[in-house]
Number of protein chains: 2
Amino acid sequence: MKFAKIPMATINRLSVYMRTLQELLEEDVEVISSERLAKQCGVNPAQIRKDLAYFGEFGVRGVGYHVADLVNQIKEILGLSRTWNLAMVGLGNIGSSLIRHGNFVKHGYIFTAAFDVDPQKVGKKLPNGLVVNHVDELEEVIRERDVHIGVIATPAGAAQSVANQLILAGINGILNFAPVQIQVPDCCHVENVDFTIKLDCIAYHLSTGV
Amino acid sequence: MKFAKIPMATINRLSVYMRTLQELLEEDVEVISSERLAKQCGVNPAQIRKDLAYFGEFGVRGVGYHVADLVNQIKEILGLSRTWNLAMVGLGNIGSSLIRHGNFVKHGYIFTAAFDVDPQKVGKKLPNGLVVNHVDELEEVIRERDVHIGVIATPAGAAQSVANQLILAGINGILNFAPVQIQVPDCCHVENVDFTIKLDCIAYHLSTGV
DNA sequence: GAACCAATGTGAATAAGGGCACAACGTTGG
DNA sequence: CCAACGTTGTGCCCTTATTCACATTGGTTC
Ligand SMILES: NC(=O)c1ccc[n+]([C@@H]2O[C@H](COP(=O)([O-])OP(=O)(O)OC[C@H]3O[C@@H](n4cnc5c(N)ncnc54)[C@H](O)[C@@H]3O)[C@@H](O)[C@H]2O)c1
Ligand SMILES: NC(=O)c1ccc[n+]([C@@H]2O[C@H](COP(=O)([O-])OP(=O)(O)OC[C@H]3O[C@@H](n4cnc5c(N)ncnc54)[C@H](O)[C@@H]3O)[C@@H](O)[C@H]2O)c1
């Protein structure tokens with residue numbers, strides 16, 4: 001079933017399942033049913049079974065899913081049984097905060113390059129030992145350090161230009177924190193993180209729901 | 001049409017449209033067609049027209065939408081023609097970064113309270129002038145300062161407990177940065193921001209797409 | 001003021017996604 | 001070894017979302 005078209009929503013949920021399963025693992029839960037897992041993830045049990053069924057049969061009928069096993073299966077599905085090298089572009093507030101954050105490494109995402117235009121920042125050493133490069137050296141450094149994913153944390157105005165440079169350097173995956181819709185060729189996959197949209201959504205619910 | 005059930009996806013898109021329209025406004029674009037706006041937002045033109053049609057008729061046939069006007073209409077729809085008071089809980093890496101960030105105020109979201117448990121942080125004055133309160137005072141301060149939305153930026157382990165306190169204090173909207181699924185009553189609306197899910201999604205695409 | 005133009009608003013068609021309900025099938029207990 | 005149990009995997013249906021296509025209508029031109 002590996003070649004059916006998988007809904008994007010399924011991929012997102014798999015990530016959530018994995019996170020929850022990893023927690024369960026730490027609590028020494030060995031086996032879990034779709035029903036209990038569903039409750040903990042806030043979804044429908046059939047949804048979980050169907051999501052997993054796209055990729056194979058991982059459960060045991062009458063019993064449930066072996067937690068440790070399922071974590072590994074999902075990792076395999078998502079391409080997480082390896083590490084990914086990231087490049088951060090823009091070391092302001094949020095860029096530095098992300099690099100300082102330890103959670104990414106724990107999940108196999110490793111910052112191996114960092115760029116900025118600010119002369120004050122270029123050459124500085126970051127807490128993780130990385131030295132900041134000038135954005136002019138982006139293509140060269142990215143190829144050299146085998147970076148797979150670019151993270152954009154520059155002001156909105158610079159985002160498109162940075163994206164162009166990343167693509168020129170052969171990057172096919174971008175995580176974009178700038179609040180603009182960046183345009184990329186089909187070969188490149190962009191995910192946007194925009195807190196303001198989430199806040200707007202809350203505001204809408206508060207205004208109408210009451 | 002104000003009372004039809006509106007898809008959540010529509011609300012999210014409205015927020016994107018608004019952001020784009022505000023940019024256009026700064027470039028002195030007065031009128032725009034659904035087709036041009038669609039291209040800039042990366043969606044289908046009919047989608048835009050239908051999204052807007054849920055709430056009224058804002059365009060002019062044969063011409064398009066008046067940009068400044070439409071921004072105001074969308075603000076009205078989303079409940080953004082007013083300000084919202086936010087409380088930040090957890091002033092670590094990301095919490096401080098968010099408070100320092102000016103973009104929220106620009107969109108009408110104002111931090112009016114901040115909480116932490118760390119004695120080193122309680123009592124400190126933040127760049128925006130706010131003094132950090134201890135989380136034990138949460139309910140009292142939140143009611144006093146008329147906070148509408150709570151932002152959780154604590155470690156994952158504390159998130160559920162913080163959410164409970166927020167709800168007890170009468171909060172009905174939560175923006176959650178901790179990578180856990182928090183459980184809340186129906187009256188409360190939660191939006192999660194989880195970068196790792198987005199990264200996992202990129203990893204999946206890079207692994208399979210090639 | 002009539003005829004043309006251009007882009008909206010919308011009903012109908014299509015596509016996608018989610019959930020129910022049950023048959024299939026390991027497991028466990030007798 | 002067989003029967004009773006419990007949970008998976010999945011066909012089918014229903015609901016929701018997106019796209020198409022065109023009639024509608026305000027603006028513009030002559
Ligand atoms: N900080 C937040 O909490 C937050 C929240 C939501 C959205 N964002 C978005 O994230 C982005 C960054 O926000 P921030 O608060 O970190 O901003 P910031 O101003 O603190 O940092 C931006 C950094 O990008 C660098 N930069 C500018 N142009 C560049 C270029 N062409 N190439 C490389 N680096 C460049 C600057 O030198 C600076 O170091 C913005 O688009 C912002 O809207 C931030
Ligand atoms: N920083 C990032 O880039 C980033 C990225 C993704 C996710 N996150 C998530 O955001 C959350 C915060 O991350 P961080 O890097 O800012 O962590 P951090 O450790 O820097 O900050 C956490 C803060 O929360 C405070 N805190 C702990 N328990 C509390 C409680 N019960 N009530 C109030 N405050 C409490 C701590 O004193 C500390 O100041 C974490 O859940 C993390 O997984 C952060």
Side-chain angles (χ1 to χ4, degrees), chain A residues 1-17 20-21 24 29-71 73-74 77 181 197 201 204, chain B residues 1-17 20-21 24 29-71 73-74 77 181 197 201 204:
Chain A
M1 293 285 148
K2 195 104 194 186
F3 301 111
K5 213 185 128 276
I6 314 294
M8 176 67 43
T10 291
I11 302 303
N12 278 279
R13 281 191 298 265
L14 284 177
S15 183
V16 174
Y17 302 159
T20 306
L21 289 165
L24 290 168
V29 179
E30 292 197 352
V31 166
I32 193 163
S33 68
S34 61
E35 190 167 340
R36 284 214 298 141
L37 181 58
K39 189 176 285 177
Q40 202 152 346
C41 297
V43 302
N44 184 293
Q47 185 79 78
I48 293 187
R49 297 201 294 274
K50 181 158 286 189
D51 284 338
L52 294 173
Y54 280 118
F55 302 96
E57 306 198 357
F58 306 125
V60 181
R61 292 173 191 229
V63 177
Y65 299 89
H66 186 69
V67 178
D69 205 52
L70 192 51
V71 168
Q73 295 284 4
I74 296 181
I77 292 166
Q181 233 52 31
I197 292 180
C201 192
Y204 171 78
Chain B
M1 294 285 152
K2 194 104 194 183
F3 301 111
K5 214 184 127 277
I6 314 293
M8 176 68 44
T10 291
I11 301 304
N12 278 281
R13 281 191 298 264
L14 285 177
S15 183
V16 174
Y17 304 158
T20 305
L21 289 165
L24 289 169
V29 179
E30 292 197 351
V31 166
I32 193 163
S33 67
S34 61
E35 190 167 339
R36 284 213 299 142
L37 180 58
K39 188 176 287 178
Q40 203 153 346
C41 297
V43 300
N44 185 295
Q47 184 80 78
I48 293 186
R49 297 200 295 274
K50 181 150 284 190
D51 283 339
L52 294 172
Y54 281 118
F55 302 96
E57 306 197 358
F58 307 124
V60 181
R61 294 176 190 225
V63 178
Y65 299 89
H66 186 69
V67 178
D69 206 51
L70 191 51
V71 168
Q73 296 284 4
I74 296 181
I77 292 167
Q181 232 51 32
I197 293 179
C201 194
Y204 171 78

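Given the structure is predicted, the values throughout are model-derived calculations rather than measurements.
- Contact annotation: A:Tyr65 reaches the phosphate of D:dG9 (side-chain N/O to OP1 or OP2, under 4.0 Å).
- C:dG18 atom P lies 12 Å from atom NZ of A:Lys5, rounded to whole Å.
- The distance from atom CE of B:Met8 to atom P of C:dA16 is 22 Å, rounded to the nearest whole Å.
- Atoms CD1 (A:Ile6) and C1' (C:dG18) sit 15 Å apart, rounded to a whole Å.
- A donor-acceptor contact shorter than 3.5 Å is absent between the side chain of B:Asp69 and the backbone of B:Tyr65.
- Using a 4.5 Å heavy-atom cutoff, the side chains of A:Leu52 and A:Glu57 are not in contact.
- Among residue pairs with one or both ends in residues 41-53 of chain A, those qualifying as side chain to side chain donor-acceptor pair (under 3.5 Å) are A:Thr10-A:Asp51, A:Arg13-A:Asp51, A:Tyr17-A:Asp51, A:Ser34-A:Arg49; sequence neighbours excluded.
- Between A:Arg36 and A:Val31, the shortest heavy-atom contact is NH2-O, 3.9 Å.
- Rounding to whole angstrom units, CZ of residue B:Arg36 and P of C:dT8 are separated by 11 Å.
- Using a 4.5 Å heavy-atom threshold, the side chains of A:Val16 and B:Gln181 count as touching.
- When all heavy atoms of A:Ile74 and A:Leu14 are compared, the pair lying nearest together is CG2-O, 3.7 Å.
- Contacts of B:Ser34 with the nucleic acid, taken as non-hydrogen atoms under 4.0 Å apart, involve only primed sugar atoms and P, OP1 or OP2.
- Two residues are said to be in side-chain contact when any heavy atoms from C-beta on lie closer than 4.5 Å; A:Pro7 and A:Tyr54 meet this criterion.
- Rounded to an integer number of Å, the gap from B:Glu57 CD to D:dT25 P is 9 Å.
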> Base, backbone or nothing for each nucleotide of nucleotides 25-30 of chain C, written B, S, -, heavy atoms under 4.0 angstrom, 5' to 3'?
Replying inline: BBS---
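- In this structure, B:Tyr54 atom OH and D:dT16 atom P are separated by 11 Å, rounded to whole Å.
- No side-chain heavy atom of B:Glu30 sits under 4.5 Å from any side-chain heavy atom of B:Val67.
- Applying a 4.0 Å cut-off to non-hydrogen atoms, the residues of residues 41-52 of chain A that approach DNA chain D are A:Arg49, A:Lys50, listed by residue number.
- Atom NE2 of B:His66 and atom C1' of C:dT8 are 17 Å apart (whole Å).
- When each of A:Phe58 and B:Pro7 is assigned the nucleotide of DNA chain D bearing its nearest heavy atom, the one mapping closer to the 5' terminus is A:Phe58.
- Nearest to the side chain of B:Ser33, among D:dT8, C:dG9, C:dA7, sits C:dA7.
- With contacts defined as side-chain heavy-atom distances shorter than 4.5 Å, the pair B:Phe58/B:Ile77 qualifies.
- Counting to the nearest Å, the P atom of D:dA17 and the CG atom of B:Asn12 are 12 Å from each other.
- If you check every strand for non-hydrogen atoms under 4.0 Å, A:Arg13 touches sugar and phosphate atoms only.
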